[in-house]
Amino acid sequence: QVQLVESGGGSVQAGGSLTLACTYTMEYRMGWFRQAPGKEREGVAVIYYDGRTTYADSVKGRFTISKENAKNTLYLQMNSLKLEDTAMYYCAASSRRWPQFIPASYEYWGQGTQVTVSS
């Protein structure tokens, strides 16, 4: 089965940076999602088959998704972090060629890594 393992989460002060990584065992369309306490899971950034990317409006200009195929690793570089970015971040994979930017389109999930932004 597809296995996804996230790493790189932690605690950071507002305005700081973190880079998350996700290693995977099979190549699919990949993305990052997050879920804050009391809120539904939402898309953060995804990368498609042709290399195009989609970002949530709330993170545009601050986050960058990238993939290093030779290392089977997906990254999420997060800059200028805000308190509102605090959430559990999940790496996800979809077998769909053009998945929708919603959790339901992604069938494989990692266990998550916590990102906490403090003042």
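Positions are given from 1 along the sequence. Not measured: the values here are computed from a predicted model.
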Notebook entry, point to check: If every non-hydrogen atom of Leu74 is compared with every non-hydrogen atom of Ser66, which pair is closest and at what distance?
Noted result: CD1-O, 3.3 Å

Item checked: From Leu76 atom CG to Met30 atom CE, the distance as rounded to the nearest 0.5 Å -> 12.0 Å

Notebook entry, point to check: Between Val115, Val59, Thr64, which is the residue that forms a side-chain contact (heavy atoms from CB on, under 4.5 Å) with Met78?
Noted result: Val115

Next item on the list: For Gln35, check side chain to side chain donor-acceptor pair (under 3.5 Å) against everything at least two apart and list the hits.
Entry: Arg41

Check: Which residues pass the side chain to side chain contact (heavy atoms under 4.5 Å, CB included) test with Asp57, sequence neighbours left out?
Finding: Lys60

Next item on the list: Could you identify which residues cluster with Tyr48, counting Ile, Leu, Val, Met, Phe, Trp and Tyr as linked when any side-chain heavy atoms lie under 4.5 Å apart, either directly or through a chain of such contacts?
Entry: Phe33, Val46, Met88, Tyr90, Trp98, Phe101, Tyr106, Trp109

Margin query: Which residues pass the side chain to side chain donor-acceptor pair (under 3.5 Å) test with Gln100, not counting sequence neighbours?
Written below: none

Next item on the list: Tell me, with the steps shown, if Lys67 and Tyr24 meet side-chain contact (heavy atoms from CB on, under 4.5 Å).
Entry: CA-CA 11 Å; Lys67 190 166 57 148; Tyr24 49 88; 3.4 Å; yes

Note to self: Using the side chain to side chain contact (heavy atoms under 4.5 Å, CB included) criterion, which residues pair with Ser58? Sequence neighbours excluded.
What the structure shows: Arg34, Ala56

Which donor-acceptor pairs under 3.5 Å do side chains of residues 3-13 form with protein atoms, sequence neighbours excluded?
| unit_1 | atom_1 | unit_2 | atom_2 | d |
| --- | --- | --- | --- | --- |
| Glu6 | OE1 | Gln111 | N | 3.1 |
| Glu6 | OE1 | Gly112 | N | 2.9 |
| Glu6 | OE2 | Cys91 | N | 2.8 |
| Glu6 | OE2 | Gly112 | N | 3.2 |

Notebook entry, point to check: Is Leu83 reachable from Leu20 through a run of hydrophobic residues whose side-chain heavy atoms are each under 4.5 Å from the next?
Noted result: yes

Next item on the list: State the CG-OG1 distance between Asn72 and Thr23, to the nearest 0.5 angstrom.
Entry: 8.0 Å

Next item on the list: Any pair with a residue in residues 110-119 that passes salt bridge (Lys or Arg N to Asp or Glu O under 4.0 Å), sequence neighbours left out, goes on the list, sorted by first then second residue, please.
Entry: none

Checklist line | Spatial distance of atom CZ (Phe63) from atom OG1 (Thr53) [nearest 0.5 Å] | finding: 14.0 Å

Next item on the list: Identify whether Met26 and Ile47 are in the same connected component of the hydrophobic contact network (ILVMFWY, side-chain heavy atoms under 4.5 Å).
Entry: yes

Margin query: Applying side chain to side chain contact (heavy atoms under 4.5 Å, CB included), can you list everything that pairs with Asn79, at least two apart in sequence or on another chain?
Written below: Ser17, Gln77

Note to self: Tell me whether Tyr75 shares a hydrophobic cluster with Tyr89, the cluster being built from Ile, Leu, Val, Met, Phe, Trp, Tyr side chains joined at under 4.5 Å.
What the structure shows: no

Note to self: Going by the rule salt bridge (Lys or Arg N to Asp or Glu O under 4.0 Å), which residues pair with Lys39 if we only count those two or more places apart in sequence or in a different chain?
What the structure shows: none

Checklist line | Set of side chain to side chain donor-acceptor pair (under 3.5 Å) partners for Asp50, sequence neighbours left out | finding: Arg52

Next item on the list: Mind checking side chain to side chain contact (heavy atoms under 4.5 Å, CB included) for Ser95 and listing every partner two or more places apart, or none if nothing turns up?
Entry: Tyr28, Glu107

Next item on the list: Spell out, as yes or no, whether a donor-acceptor pair under 3.5 Å connects the side chain of Thr86 to the backbone of Glu84.
Entry: no

Checklist line | Qualifying residues under side chain to side chain donor-acceptor pair (under 3.5 Å), relative to Thr25, sequence neighbours excluded | finding: none

Next item on the list: Identify the two heavy atoms, one from Trp32 and one from Ile65, that lie closest to each other, and give their separation to 0.1 Å.
Entry: CD1-CD1, 3.7 Å

